[in-house]
Amino acid sequence: MKKFDKDRLILGFAGPVLALVVALALTTVVLLASGRNPFEPYRIMFDSASYVDVQVLIINQAGTYYLAALAVAIGFRMNLFNIGVDGQYRLAAMMSALVGASVSLPGPLHIALIVIVAMLVGAFWSGIAGFLKTSRGVSEVVSTIMLNSIATALIAWLILPKNFGEQPAGSNNLTTGEIAESGWFPGLPMGDGAGEIYGFTFVAAGCGLLYWFILNRTRFGFDLRATGASSSAAQASGVDAKKMILTSMLISGAVAGLAGLPTLLGDTHTYSLDFPTGIGFTGITIALLGRNNPLGIAFSALLIAFLDKSSASLDQYGYEKEIATIMQGLIVISVVVSYELVRRYGVRRQQQKVGEELAAGHAIKTEKEAAL
């Protein structure tokens, strides 16, 4: 049985906790500097989150964030920085909405088709970056950023009425057309006026369990973690590093393609110009804060979703709702700094423990020699 490592557990929690404390302190300083009450916004946000309808919004938003963060985390585990999750997610949502609105199938088959299209489109778009990295050595950071811009332009072209889009009468918005009800994913009703929890939110939770199982209980997960730690060492032990990079990018993109489905299948049932954007970049924050751990990512997704949805009522009390955006930005900065501080402390602590064990061993040896 594996020995419980208390120091590792403490260090694992120390980074996120320190980041949140620092972000909270800096946000309070910003409020004080602007002459505002530094504690009132927090009370307002917690009061807002006590309502069931806001709680439903938080959970639904967290499901979307969770999938985006999982996509980022898969890349991080391979030491890859997939910044293109936002483009992969939007293009996948748009293409799956187009396909979903153009066919009529029995419910399960209709939903399955939309899900498969979303995963294939996301995997294809991230696979371009993976192919460029493995065949030409192009940094995935550069290629995914460029692919985000290309995805934006491609979506804008595809959704034009002269191509595949539709423009509702009396509206300036452009859509892909509405998916038939057979393609809607059933949710969990939470009572009158509270709305429902998207059914795909539970699929997101299942993806987290699958991520944990594959990463920690399969040969592929071991190879992925080994290649991410040291590609040269993994290659020396028989792992095809280039194949692992390409495979990881494909899987990351496929999961990113799912990130738009909670909203698409549970709420809008169409892709339009006002479909949520920036989800992929928020996913980076959540993956970092959650330390690429599925449980840590879940708590981080709920936290960021809480900041998003509970801050909507701040402007009613004379506070800008952008306070939550400031806090999210400070969390990103704090995560980077706090994790480095915790890492350095962990290295020093490990060196100290090794020194203590060596000293203890030397003392025992000296005692035995003296006894002889």
Side-chain angles (χ1 to χ4, degrees), residues 1-16 66-85 88 119-120 122-123 126-127 129-135 137 139-141 144 203-259 283-284 286-301 335 339 342-343 346-347 349-350 353-354:
M1 186 176 179
K2 189 175 180 181
K3 185 179 178 181
F4 177 72
D5 191 341
K6 183 178 70 174
D7 286 349
R8 184 177 179 182
L9 181 65
I10 293 173
L11 290 174
F13 279 104
Y66 189 67
L67 288 168
L70 281 182
V72 175
I74 291 168
F76 279 161
R77 284 290 190 168
M78 264 293 297
N79 204 23
L80 297 171
F81 202 172
N82 182 8
I83 303 182
V85 168
Q88 296 152 20
M119 294 181 70
L120 288 177
S126 65
F131 174 76
L132 290 173
K133 184 173 181 66
T134 54
S135 63
S139 169
E140 75 281 0
V141 174
T144 51
V203 176
C207 288
L209 291 173
L210 187 63
Y211 166 82
W212 174 87
F213 178 80
I214 292 176
L215 202 64
N216 296 284
R217 293 293 184 268
T218 66
R219 173 61 188 269
F220 173 78
F222 175 80
D223 289 347
L224 186 148
R225 287 182 285 115
T227 307
S230 174
S231 59
S232 57
Q235 195 160 357
S237 63
V239 178
D240 189 337
K242 288 187 176 181
K243 181 180 177 180
M244 290 301 300
I245 290 172
L246 181 57
T247 303
S248 298
M249 287 299 292
L250 288 171
I251 295 174
S252 177
V255 176
L258 295 176
I284 295 173
I286 294 169
L288 285 172
L289 185 60
R291 297 182 71 89
N292 302 322
N293 180 283
L295 188 59
I297 291 173
F299 284 117
S300 301
V335 160
Y339 282 10
V342 170
R343 186 192 69 81
V347 170
R349 176 61 180 158
Q350 190 67 28
K353 288 177 67 176
V354 171

Find the distance between CG (L215) and CG (L210) and round it off to the nearest 0.5 Å.
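So the CG of L215 and the CG of L210 are separated by 10.5 Å.
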Nearest non-hydrogen partners of [X] and [Y], listed with the distance:
{"X": "A129", "Y": "M249", "value": "CB-CE, 3.9 Å"}
{"X": "G290", "Y": "S300", "value": "N-OG, 3.3 Å"}
{"X": "T134", "Y": "L246", "value": "CG2-N, 4.2 Å"}
{"X": "A287", "Y": "I297", "value": "CA-CG1, 4.3 Å"}
{"X": "V85", "Y": "A256", "value": "CG1-CB, 3.8 Å"}
{"X": "F220", "Y": "I214", "value": "CD2-CG2, 3.8 Å"}

For residues 66-82, dump all side-chain donor-acceptor pairs below 3.5 Å to protein atoms at least two apart in sequence or in another chain.
residue	atom	partner	partner atom	Å
Y66	OH	P294	O	3.1
N82	OD1	G84	N	3.1
N82	OD1	Q88	NE2	3.1
N82	ND2	Q88	OE1	3.3
N82	ND2	S252	OG	2.9

Decide yes or no for V255 and C207: does some side-chain heavy atom of the first lie under 4.5 Å from some side-chain heavy atom of the second?
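Contact flag for V255/C207 side chains = no.
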Can you check whether F131 reaches L250 side chain to side chain, under 4.5 Å on heavy atoms?
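Contact flag for F131/L250 side chains = no.
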Provide the full list of side-chain hydrogen bond (donor to acceptor under 3.5 Å, both in side chains) pairs with a residue in residues 221-235, sequence neighbours left out, each pair given once.
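Qualifying pairs, neighbours excluded: R219-D223, S230-S232.
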